[in-house]
Amino acid sequence: MRQSSLVVVANRLPIDDNQAPDGACEWRRSPGGLVSALHPLLRHTPATWVGWAGGTGPAPTLPDVDGVRMHTVPLSHEDLRDHYEGFSNATLWPLYHDAVEQPEHHRRWWEAYQRVNQRFAEATAEVAEPGAVVWVQDYHLQLVPGQLRALRPDLRIGFFLHVPFPPPELFMQLPRRAELLQGMLGADLVGFQRAQAAHNFAQLVTRVLELPATDRRIGIDDRVVRIGAFPVSIDTTEMEALAARPDVAARARRLRQDLGDPRQVILSVDRMDYTKGIEQRLKAYSELLASGDVKVRDTVLVQVAMPSRERVGQYQILRERIEREVGRINGEYGRVGEPAIHYLTQPFDRAELAALYRVADVMAVTPLRDGMNLVAKEYVAARVDDTGALLLSEFAGTAAELSQAYLVNPHDLEGLKQAICTALRTSPADTTERMRAMRAHLHQHDIRAWARSYLSALDESGALVSRLTRTDDTPDDTIRVPRPADRTTERATG
């Protein structure tokens, strides 16, 4: 079996499948995020990506994608229900996001989480060459570093948490808190989005496991585990180039016309999730319409809410509440041909999103809690003319970097209303100054800088980072394979 010197381990493989007209299955490299960060490195290093391909049943065998081996980990229907929808997204996700919704605890969920993490660890141990660097991603796989170290102590193991890490008083609620911490401590380097998260982790390790710890180092057995903040970012240059394309600019003009050519457009782009503050945002906007501070004929709100975890009961209820509220607001304040809110739930490709970013005079990103929120960064990168106002929650990790945004506490309804009005009425000179400063920051701290920073800390030899250079190579990573007749189509993202 071919082995790799770099192995990336994530819940999902970095490819999406679509059915071609002839019934074959087309797999395409996913855009953005971690894929963009590691693409230059993966093209020049023997690399394997371990992950789930989507769906349940036997894992499909996939050819390499642009030289990167795809190693699939199968999930059964029970795995999807209990590991992904259960422990990952009904226990850990709400707890890590300030318990906005009450976390649920079931023993079978924890058993599935252990089982699936072990499967990922065994798959990784199988494909990693001696002394390889392994980079494990996010909350779905917190046990993998410890399980993998038990199997392969020769590996250099990194773990990165993309979501917030909660304060001790919340994390202590977990019945299996010690096991989760021990799993993460199997890594040589544990990375977080913000320094506060690393501090929370160090406090918990001291309190729960009674290990010596600082905000930078933790002693365990005969090893030292390093911890730190590595804020994730976007491919700034790619988003700028996309937003500057003539066809995207023309699409933006048509979108504004389709919206009735309003004086101002407010845009929000969220996954349908209770952490995103959608309900609070709608309430604030409704009250501004009621008071006359915002008028439908002048201002339009476009709310994109992409479906997420649709089989989870909390998300089904949330969607019903939001759609009911949008209907109420449009019924009370809209006119024929002039809805107060344009509410969209279909997925958008990157070009369409870039056009929406160009249309928006105000981008409202107001989550109740977010590890980072890359939508805010994408909006800033897409504003190639240095216009536009970013309204940003203090509780998004992005706020620590984009301090020139109009920062707001989304729990404060009056403050949120005031911030919306300020963003709508600020002078062009002020928005330009703020936007230029934020764009300059993103150029210095893009997705490749993030990957370079983390991997240089993990791989002390520097061999991997030396290969992480910019490249303009963008091959068509499309693979056609027969669609297995017995493979189900159950999906999950996040």
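What you see is a predicted model; the values in this text were computed from it and never measured.
- In this structure, R319 pairs ionically with E323, as a charged nitrogen and a carboxylate oxygen lie closer than 4.0 Å.
- Between F160 and W450, the ring centre distance stays below 6.0 Å.
- Taking the charged nitrogens against the carboxylate oxygens, E238 and R350 do have a contact shorter than 4.0 Å, which makes a salt bridge.
- Salt-bridge check for D235 with R448: passed, with a basic side-chain N closer than 4.0 Å to an acidic carboxylate O.
- To the nearest 0.5 Å, atom CD1 of residue I266 and atom CZ of residue R281 are 10.5 Å apart.
- Separation of the H106 and W110 ring centroids does not fall under the 6.0 Å cut-off.
- Between the side chain of N373 and the main chain of V375, a donor-acceptor pair closer than 3.5 Å is present.
- Taking the six-membered ring for Trp and the full ring otherwise, Y454 and W135 have centroids separated by under 6.0 Å.
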Exercise. R108 and E111: salt bridge (Lys or Arg N to Asp or Glu O under 4.0 Å), yes or no, with the steps?
Worked result: CA-CA 5 Å; R108 76 171 188 276; E111 292 165 359; over 6 Å; no
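- Residue Y139 is tested with W93, F192, Y96 for a ring pair (Phe, Tyr, Trp, His ring centres under 6.0 Å); the sole match is W93.
- Closest of all the heavy-atom pairs between R194 and G397 is CD-CA, 3.7 Å.
- Distance check, rounded to the nearest 0.5 Å: CG of L374 to OG1 of T398 gives 6.5 Å.
- Ion pair E78/R81 not flagged as a salt bridge, since none of the NZ, NE, NH1 or NH2 atoms sits closer than 4.0 Å to an Asp/Glu carboxylate oxygen.
- Note on R251 versus D247: no salt bridge recorded, every NZ/NE/NH1/NH2 to OD/OE distance being 4.0 Å or above.
- The existence of a salt bridge linking K417 and E414 is confirmed by a sub-4.0 Å separation between a basic side-chain nitrogen and an acidic carboxylate oxygen.
- Ring geometry, F87 versus Y113: the interplanar angle falls from 30° to 60°, so the pair is classed tilted.
- Judged by a 6.0 Å distance limit and a 45° cone about the ring axis, R321 is not positioned over the six-membered ring of Y274.
- A salt bridge does not link D430 with R425: none of the charged nitrogens is closer than 4.0 Å to a carboxylate oxygen.
- At a threshold of 4.0 Å, the pair D386-R439 counts as salt-bridged, since one of the basic side-chain nitrogens sits closer than that to a carboxylate oxygen.
- With salt bridges taken as basic N to acidic carboxylate O contacts below 4.0 Å, one links E287 and K283.
- At a threshold of 4.0 Å, the pair K295-E338 does not count as salt-bridged, since none of the basic side-chain nitrogens sits closer than that to a carboxylate oxygen.
- Salt-bridge formation is detected for the pair K377/E401: a Lys NZ or Arg NE/NH1/NH2 atom is positioned less than 4.0 Å from an Asp or Glu carboxylate oxygen.
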